[in-house]
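The chains referred to below are lettered A, B, ... by the order of the sequence lines, with proteins before strands, and numbering in each begins at 1. Everything quoted here is computed from the prediction, not taken from an experiment.
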2 protein chains.
Amino acid sequence: MDSSELKRAGLKATLPRLKILEFLENSKVRHMSAEDVYKALLESGEEVGLATVYRVLTQFEAAGLVVRHHFEGGQSVFEMEHGEHHDHILCVRCGKVDEFVDETIEERQKKIAKEKGYSMTDHSLYIYGVCGECQKEE
Amino acid sequence: MDSSELKRAGLKATLPRLKILEFLENSKVRHMSAEDVYKALLESGEEVGLATVYRVLTQFEAAGLVVRHHFEGGQSVFEMEHGEHHDHILCVRCGKVDEFVDETIEERQKKIAKEKGYSMTDHSLYIYGVCGECQKEE
DNA sequence: AAGCAAATGAGAAGAGTTCTCATTCTTATT
DNA sequence: AATAAGAATGAGAACTCTTCTCATTTGCTT
């Protein structure tokens, strides 16, 4: 069990936190809601409260271990921080999520912020569409 | 009272709808939550239910009269459709919202969607930062 | 003016998330 | 290794935003 990551983030190495971190790291699915994490842990026999999952994910976010996204549909989606910033393109049919990085867009955003007199802190870009798979099914 | 806009949208010209449309058109503030609209109407002596405001705004959205945004903070924000598509840059301190259009970014997005095999239906780009005013107040 | 379908308002209900607080766990200290 | 002090947890209540339900009202057609 690797508690060093938590310690480094200034968080006590409690069992729920370790379980959640471990789960996030090992899951093949990258983008998960708090509910997803909660259910998955329950199913693998762990005892966690939903409130704890929310709390811990929020702490992970503050610690920079995790990024929170606001995809359409209301609920927050979390993703392990794996270095490079990226944006998302998602399928409105099947919910599939792809990632991309585009330096030109990044540059443009900085430029716009500067022009408008803003000191940019963050940005979010989501492209919505129908993925290749779903286009075939019509 | 101008009911033609509603008729054109295929909506019956009811009083609540007219009031809401009128309010949206005359408000200097461009981006408003359902709650904002509701409160404003109450204050100006109109009798509307919150449920109706939500319903009507959703209908206006479907009719293309209004655009719905999902800024951070959970609630939906509505804006009168005034022709050209644009993106938003918002101040995380005071909540101010500015708009911008960037053809380069638009192009890039289309290109990315195509590369990833998606047929793009929509996109949303929000830049967050601290606006000029708020930077001074530090 | 009358009738019918559509729209409304009030409150209940639902989804997602946060809060409360008694109990349990971590960790620093013996 | 035992202990004490404080932090974290779990369960459910509570909260926010939004949608639904349904009895009543309104708009539109005849």
For this session: Go through the side-chain N and O atoms of R17(A) and Q59(A) and say whether any donor and acceptor fall under 3.5 Å apart.
Result: yes
Exercise. When the distance from NZ of K39(A) to C1' of dA15(C) is rounded to whole Å, what number comes out?
Worked result: 12 Å
Exercise. Think T52(A) has a side-chain N or O under 4.0 angstrom from the OP1 or OP2 of dA8(D)?
Worked result: no
Exercise. Under 4.0 Å: is that the gap between some side-chain N or O of T14(A) and OP1 or OP2 of dT26(C)?
Worked result: no
Problem set entry | Minimum-distance nucleotide (side-chain atoms of A51(A) versus dG27(D), dG16(C), dC19(C)) | dC19(C)
Exercise. Looking only at heavy atoms, what is the nearest atom pair of S76(A) and R68(A), with distance?
Worked result: OG-NH1, 3.4 Å
Seminar exercise, completed: When V77(A) and V53(B) are each assigned the nearest nucleotide of DNA chain C, the 5'-most assignment goes to V53(B)
Exercise. A13(B) side chain: which of dA8(D), dT18(D), dC28(D) is closest?
Worked result: dC28(D)
For this session: Look at the side-chain N and O atoms of S33(A) and state whether any lies under 4.0 Å from the OP1 or OP2 oxygen of dG16(C).
Result: no
Problem set entry | Euclidean distance, atom CD of residue E72(B) to atom P of dT17(C) [Å, nearest integer] | 13 Å
For this session: Mind calculating the distance between CG (L18(A)) and P (dT27(C)) to the nearest angstrom?
Result: 9 Å
For this session: For G10(A) and for A34(B), locate the closest nucleotide of DNA chain D by heavy-atom distance; then report the residue assigned to the nucleotide nearer the 5' terminus.
Result: G10(A)
Exercise. Just checking E47(A): base, sugar-phosphate only, or nothing, at a heavy-atom cut-off of under 4.0 Å?
Worked result: sugar-phosphate
Exercise. Around atom CD of E115(B), are there more than 12 heavy atoms of other residues, nucleotides or ligands at under 6.0 Å?
Worked result: yes
Seminar exercise, completed: 5'-most contact on DNA chain D (nearest-nucleotide basis), L50(B) vs L50(A), goes to L50(A)
Seminar exercise, completed: Here the distance between atom P of dT17(C) and atom OH of Y54(A), to the nearest Å, is 3 Å
Exercise. Just how far, in rounded Å, is P of dA8(D) from NZ of K12(A)?
Worked result: 5 Å
Exercise. Whole Å only: how far is the OH atom of Y38(A) from the C1' atom of dG12(D)?
Worked result: 11 Å
Exercise. Rounding to a whole Å, what distance do you find between L41(A):CG and dG10(D):C1'?
Worked result: 14 Å
Problem set entry | Options dT27(C), dT9(D), dT19(D), nucleotide nearest the side-chain atoms of P16(A) | dT9(D)
For this session: Mark yes or no for a side-chain to base donor-acceptor pair under 3.5 Å between R17(B) and dG27(D), with no hydrogen or angle criteria applied.
Result: no
Exercise. Rounding to a whole Å, what distance do you find between H70(A):NE2 and dG16(C):C1'?
Worked result: 13 Å
Exercise. Can E107(A) and K110(A) be counted as an ion pair, charged N to O under 4.0 angstrom?
Worked result: yes
Exercise. For E47(A), which residues count as a salt bridge (charged side-chain N to carboxylate O under 4.0 Å, His left out) partner, sequence neighbours excluded?
Worked result: none
